[in-house]
Structures are given as structure tokens and as C-alpha cells.
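Each remark here refers to the structure printed beneath this line.
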There are 2 protein chains.
Amino acid sequence: MSPTTDRFVPPLIRRLRSTATLSETVVEAIRTLPVSLRSYEPGQEILRDGERPACCLAVVDGWVSRLKFLPGGGRQIIAFHIAGDLPDLQSLHLGVLDHGIAALTPCTVARIPHEALRELSARLPELAAVLWRESMIDAALFRGWLTANGRRSAYGRTAHLLCELSLRQRAVGLSTGRTCPMPLRQTDFADAMGLTSVHIARTLGALRKAGLITLQARTLTIHDWDGLCEAAEFDPAYLHLKSVDR
Amino acid sequence: MSPTTDRFVPPLIRRLRSTATLSETVVEAIRTLPVSLRSYEPGQEILRDGERPACCLAVVDGWVSRLKFLPGGGRQIIAFHIAGDLPDLQSLHLGVLDHGIAALTPCTVARIPHEALRELSARLPELAAVLWRESMIDAALFRGWLTANGRRSAYGRTAHLLCELSLRQRAVGLSTGRTCPMPLRQTDFADAMGLTSVHIARTLGALRKAGLITLQARTLTIHDWDGLCEAAEFDPAYLHLKSVDR
DNA sequence: CGTTTTGTTGAAGTTCCTCAAAGCTTGTGG
DNA sequence: CCACAAGCTTTGAGGAACTTCAACAAAACG
């Protein structure tokens, strides 16, 4: 196996196994995919809104965000992605990208040619099903965010996002215990939840004062998971994880 | 052809053709799908949150909404669906439903067994691709709503939703000219956009006073499409329609 | 034609925003 | 290793957007 494959495959498999059962055949097939790696600096654009990419992306390490810009200058983050995620699987069937993809932290991203994915899926329906499922989970997260942002207060919304990001990292082994990486700036929180960074500061302060979390040095510690879930009205069903142990 | 098929197929084909090119083979294949029709009254539940449906739905006539309820009593509508739409295509690969599906108006819905869809897609990769694409467009709408609700004022948001619903109906031949059906109550607008129905009343009043629309007798008339688009910062790209003529 | 649902309007309250300044981190070059 | 700059976070004060409560008007429905 090439060193590229060795870096690219483990996080992806880990992610796919967190939501579905993979046969060894599929794992072996994924190992044969021809990918190229590239690294990005925070803020750097990976794919531009309106592009017609010929590859799908897989996050190898670091964090990636997907975002839309409004003509009037507004910025909305629509998703955060961690190692193992496939942030633009949809481009396989949609052609034109309807949002941008950018590095949130220093990160490494693999590019998998559409061609290769299509061929392999055609030969291996099980792989096609896994990918389709993965793209459906992507959509489920949008639904989760839509209701979080639509019907929760700033306090509940923030708690909800922290629950989600903590659980997703835990599900792929990027965190254990009560602590996890949390590299988002307050402007990132703000643009994800449709608030201002000033209000995020106050809201995080309130969550801290309530004894639910601490957030410093890009690390989140959840002191009271049940309390945070309650504040968030958090129901992890929309993440479609195989096991939701805590 | 059975009378059931005769009612079910035309709107679906019309919808699929609005976003993709269909071969005659695929159209013929769709005609062979075994479906059953059922009618619902406004507000009636079609599928319940948490269910594991064994069928996909296709809207035959009327409007359907997808929604989530929060423990605290909040209600968020995450999508509106019109004739030809496939409102829970995702259940084909997701198993558990993470939201409810309900009738918005009197409507007729077709049920297509997962089994039948899977078999047919396996035999006809072109059909699988069309369905996958359709489910990706569903996700694209969530992204559109997420940014609309996150980064637009009530005024812009409302304008945006009206633009979308008008254009989607136009794309499948459910409206022509400046007018289209608009059966939503103000509470439906409110629950879709994360606002209160009282504020919707004021916002619709403002759009009316600005000379952009009139909305009465469940009919929307857009007097100034360009003006409405401008107020909405509307870019139809996220609908992924084949032609966006106006 | 009465009853129920839906829409409109007013007044007061809350949440969140804007503007602004100060404190804190993080990173960089000397 | 320190000094400084740049970016990020915190806090305050005032304002705008949206909500709540409430009453009434207008459709829709049987």
C-alpha cells in the first residue's frame, strides 16, 4: 500500500463503520481507490461555490467547513467536517457546487476522482449503498441544524452544536472522556448558527457559568453531559450513528 | 396501464425531467413500479418521526410537509413538497425516519415499496443515478433554507421562500404567469422560517405594501419578480433545475 | 347563519444586534 | 526569550428585530 492510501483509508473506514457495517470486500475496494492528498491552511478555499468538481473530497485530518455567501455580505456555515467525512459527496450527482468548501484548521484532504468512485460503485453495489447512505446522513445533519437554528434560543442552539460536535468526534475515536478538540472561533460558531460573535461570547459565558462546559485552548470540556443535552434538547437520532453510547 | 399508475407517473416524470434528462427506458421502468395510492386530510400524519418505513412516498397531488417537533413544544417545518416530489427518498438508505411527514392540504400520496425501488435500481443504474440525484437536490434545499433562515431578515426570508415555492411550481407546470397556488397558513410560514405567525402577518403586509406581491384566497401573485428576488437575495442555483427561465 | 379557524393590529417585553473599548492569546521577529 | 503586533474574546450601553399577549376582523366551514 502506498503511504497516501495508508493515511487516507483509516479515518474514512472508521467513519463509515460508525454509521454502517462494512464487509472486508468493500474495505479492500476502498484501498484501491486512486487518491491524491493536499494540505490547506486555515481559511483557505478548497472548492469554490459554482465549481464543477471532478473529484470528491475525504477529510484526512483537521477540520473543514462548507459555507455560503450572500450577495449582501452574509456568511453562513452549513457544515463542519472532521477526519473521515466526505464533505462533497453530493458533487458526484449534482455537477455544480451550490456552496464553497474551505479549511477551518490546517488540514489534509484527499481527492477521489468521480470516475473511480462511479466505476467502483457500479462493480460493488454494497459500496454504492454505503456512499448513498453517507450522503443521506449529510442531509440529515442539515435537517438537524435547520430545526436547531429555527426553533432554539442562542443558548440552546450553542449547546446543541457542542453536543453534536462532541458526539461526532467521539464516534470516530477523535475524543474520549469529557474532553474533545474544538478549534472553532467564535465567528465560526456565529456563522453556523446565524448569530453574531458578540452574542456567542455571551452565550458561551452563560454555558460556562451554568457549570456545563469549559472551552479554552481550543479544547472543549463537558462537565455535565446530561445538563448540556437538556439545555440543547439534544436527540442524537439525526446523526444516524450505529451506537450512541455515552 | 392501471388507473393508479396513470395518476402516479405523470407528475413524477414531470418532476424528474425538470432536473435531469430521462431516457424512455427509465420512464418505462418507472411505469412498472407497483404503487398504492392513499389520500390524506390537512394536518394528518403520513409518516411518524422514528418510524422505519418500508416504502418511499411520491406526492401525486396536494402539498405535503416534513417537520420536526422539539421536546419543549417547538415545531420546525423542514420542507414543503408538491406533486411529483419524493419526500422521503432518504428512508431507502437511512432506515429510521428522523422527522415526521404530514399532509398540508388535502393530498394524494403514492407508496412505492423499497424492495421494488432497490430491485429496479439494481437492474437500471440510470434510474439509481436519477434517484440519487433527486435525494441530493433534497439536501441542497436544506442548505438553501439553512442560509435563508440563518442570515436573512424576516422580510428577506419570506421573500426567499415565496421565490422558491413559485419557481418550483413553475418548473413542474403547476403554475404559469405571475400567479401560483400558495396554500400555506401563516403558522406554516412561521414554522418553516423560525418566526411567529404574528410576525409573518406583519412581514407579508410589508411585502404587500412594497408592491411586490398579493396573497389572498390561497393564491400568490408576484407583481414584481425582480424586486422580490432582490429583497430575497434569491439565487435559484440551489434548486438545481435544468432550466431556470423566467 | 352561526361557529371556528385564520389573519390583522396595537402595546409592551425580550432577545439579539451594533458599536465601541479593553483584555487576552497567539504568533513572529529581534 | 522577550516585545510587539495581530487577531480573538469579553464586556458595556443603547438600539433594532422579533415575540408575547390580547383584542378584534375576516375568512372558511359545516
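First the proteins, then the strands, lettered A, B, ... as listed; each starts at 1. For clarity, every value in this text was computed on a predicted model and none was experimentally measured.
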Listing time: all N or O pairs from protein to nucleotides 24-29 of chain C that are below 3.5 Å?
none

**Report entry** Aromatic centroids of B/F142 and B/H99 separated by under 6.0 Å
**Finding:** no
Requested in this report: Would you tell me if any nitrogen or oxygen in the side chain of A/Q186 comes within less than 4.0 Å of OP1 or OP2 on D/dT10?
Outcome: yes
Report task. To the nearest Å, give me how far apart CG (B/N149) and C1' (D/dA17) are. Result -> 15 Å
Query raised in the report: Using a distance-only test with no angle check, is there a side-chain donor-acceptor pair under 3.5 angstrom linking A/T214 and A/H223?
Result: yes
Requested in this report: Determine, stepwise, if the pair A/T108 / A/V59 fulfils side-chain contact (heavy atoms from CB on, under 4.5 Å).
Outcome: CA-CA 6 Å; A/T108 307; A/V59 181; over 6 Å; no
Query raised in the report: Starting at CG of B/D188 and ending at C1' of C/dT6, how long is that distance when rounded to a whole Å?
Result: 11 Å
Report summary line: Between CG of A/L204 and P of D/dC8 the distance, given in whole Å, is 15 Å
Query - Set of side-chain hydrogen bond (donor to acceptor under 3.5 Å, both in side chains) partners for B/S36, sequence neighbours left out - result: none
Query raised in the report: Considering residues at least two apart in sequence or located in another chain, which fulfil the side-chain hydrogen bond (donor to acceptor under 3.5 Å, both in side chains) criterion with A/T105?
Result: none
Query raised in the report: Is it true that the side chains of B/E45 and B/Y40 contain a donor and an acceptor less than 3.5 Å apart?
Result: no
Query raised in the report: What residues, two or more places apart in sequence or in another chain, satisfy side-chain hydrogen bond (donor to acceptor under 3.5 Å, both in side chains) together with B/E230?
Result: none
**Report entry** A/R111: partners by salt bridge (charged side-chain N to carboxylate O under 4.0 Å, His left out), with sequence neighbours left out
**Finding:** none
**Report entry** Nucleotide-resolved protein contact map, nucleotides 15-23 of chain C, B/S/- at heavy-atom distance under 4.0 Å
**Finding:** -BSBB----
